[in-house]
Amino acid sequence: MMPRVDFYILRQAEPAQRVHFCCRLAARAWREGLGVWIRTRDASASEQLDEALWTFDEASFIPHGTTSLDGDNPIVINHEASPGALLINLADSLPEDWQERDRIAEIITADEATRQAGRVRYRDYQQAGATPQTHRIEH
């Protein structure tokens, strides 16, 4: 069965907006009981997102880390393959195991490079038989 693929289109171009929306999406998925893999482009991006999850919501604790700890971390931030029913893909390509996920979220900003890479991934999903859904985020 093909995973559900959602593209979230942000009006802003700033990378910080993408990171903040990713944190909100990961926290919501965790509260709904989903394991989450946030796929980043590299170790530096993983560290930045790890820090952002500690600070984006001062009123709550979102359990996460850069390794799965044998499945004990419900949100894993890494550029290497990790467990999780929901893949939040912040990298510029598709991971090899994307079809094994239940859901995939792509977060696209108004930045031209991010948009172009997102368009390529959108076509890749379509060509593989998925039907991506697009959600325009206005705030």
Side-chain angles (χ1 to χ4, degrees):
M1 186 169 161
M2 199 60 66
R4 174 182 166 171
V5 179
D6 293 290
F7 275 74
Y8 297 93
I9 313 299
L10 308 181
R11 286 188 350 184
Q12 302 88 353
E14 299 84 22
Q17 295 298 323
R18 189 179 196 206
V19 168
H20 184 75
F21 186 82
C22 176
C23 290
R24 287 181 32 215
L25 191 61
R28 186 175 75 198
W30 168 69
R31 288 183 186 108
E32 293 175 2
L34 291 176
V36 180
W37 172 29
I38 302 174
R39 181 176 183 245
T40 59
R41 69 181 177 281
D42 57 30
S44 174
S46 295
E47 290 174 19
Q48 176 190 14
L49 200 52
D50 181 44
E51 180 65 29
L53 269 168
W54 284 114
T55 60
F56 96 101
D57 183 357
E58 294 178 13
S60 65
F61 168 73
I62 309 300
H64 67 280
T66 56
T67 61
S68 74
L69 301 177
D70 293 326
D72 287 340
N73 252 345
I75 300 174
V76 179
I77 308 158
N78 205 317
H79 60 282
E80 298 175 358
S82 298
L86 169 63
L87 162 63
I88 300 175
N89 190 25
L90 300 178
D92 289 336
S93 63
L94 301 179
E96 290 181 19
D97 67 347
W98 71 269
Q99 293 182 355
E100 298 170 18
R101 310 293 168 159
D102 294 337
R103 296 177 61 188
I104 299 170
E106 296 276 355
I107 304 169
I108 309 299
T109 63
D111 170 70
E112 191 58 32
T114 304
R115 281 188 188 252
Q116 289 300 334
R119 288 180 182 124
V120 170
R121 290 192 307 281
Y122 190 95
R123 282 191 297 273
D124 289 344
Y125 288 123
Q126 283 184 316
Q127 290 173 352
T131 307
Q133 302 297 310
T134 301
H135 311 277
R136 299 208 178 276
I137 308 301
E138 298 299 323
H139 50 80

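Along the sequence shown, residues are numbered consecutively beginning with 1.
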Any R28 side-chain heavy atom under 4.5 Å of L34 side chain: no
Partner set under salt bridge (charged side-chain N to carboxylate O under 4.0 Å, His left out) for E112, not counting sequence neighbours: R119
Interatomic distance, W98 atom CH2 to R101 atom CZ [nearest 0.5 angstrom]: 12.0 Å
Audit row: L53, I38, side-chain contact (heavy atoms from CB on, under 4.5 Å) steps and yes/no: CA-CA 11 Å; L53 269 168; I38 302 174; 4.2 Å; yes
Residues which pass salt bridge (charged side-chain N to carboxylate O under 4.0 Å, His left out) with R18, listed by chain and number, not counting sequence neighbours: none
ILVMFWY cluster, I9 and F21 together (side-chain gap under 4.5 Å): no
Inter-residue atom distance I137.CD1 - F7.CZ, 0.5 Å rounding: 13.5 Å
Spacing of CD1 belonging to I77 relative to CG belonging to D50, to within rounding of 0.5 Å: 4.5 Å
Gap separating the CD1 atom of I75 from the CG atom of N73, nearest 0.5 angstrom: 8.5 Å
Residue pairs passing the side chain to side chain donor-acceptor pair (under 3.5 Å) test where at least one lies in residues 102-111, sequence neighbours excluded: N89-E106, E106-R121, E106-Y125, D111-T114
V76 with L90, same ILVMFWY side-chain cluster at under 4.5 Å: no
Under 3.5 Å donor-acceptor, R39 side chain and S93 backbone: yes
Derivation of the side-chain contact (heavy atoms from CB on, under 4.5 Å) call for E47 and T40: CA-CA 10 Å; E47 290 174 19; T40 59; over 6 Å; no
Those residues that, when tested against F56, pass ring-ring contact (aromatic ring centres under 6.0 Å, His included) (two or more places apart): H20
Within-4.5 Å side-chain heavy-atom neighbours: W37 and E80: no
Reported CD1-to-CD distance for the pair I108 and Q116, which is rounded to 0.5 angstrom: 10.5 Å
Same cluster (ILVMFWY, side-chain, under 4.5 Å), V5 and I107: no
Cluster companions of W54 among Ile, Leu, Val, Met, Phe, Trp, Tyr (side-chain spacing under 4.5 Å): F61
Spacing of CD belonging to E100 relative to CG belonging to L87, to within rounding of 0.5 Å: 11.5 Å
Verify same cluster id: V19, Y8 (apolar side-chain graph, 4.5 Å): yes
From CA spacing to verdict: side-chain hydrogen bond (donor to acceptor under 3.5 Å, both in side chains), S82, S68: CA-CA 7 Å; S82 298; S68 74; over 6 Å; no
Validation row: C23, L49 side chains within 4.5 angstrom (heavy atoms): yes
4.5 Å side-chain heavy-atom contact, R11 and E138: yes
For N78, all residues meeting side chain to side chain donor-acceptor pair (under 3.5 Å), sequence neighbours excluded: none
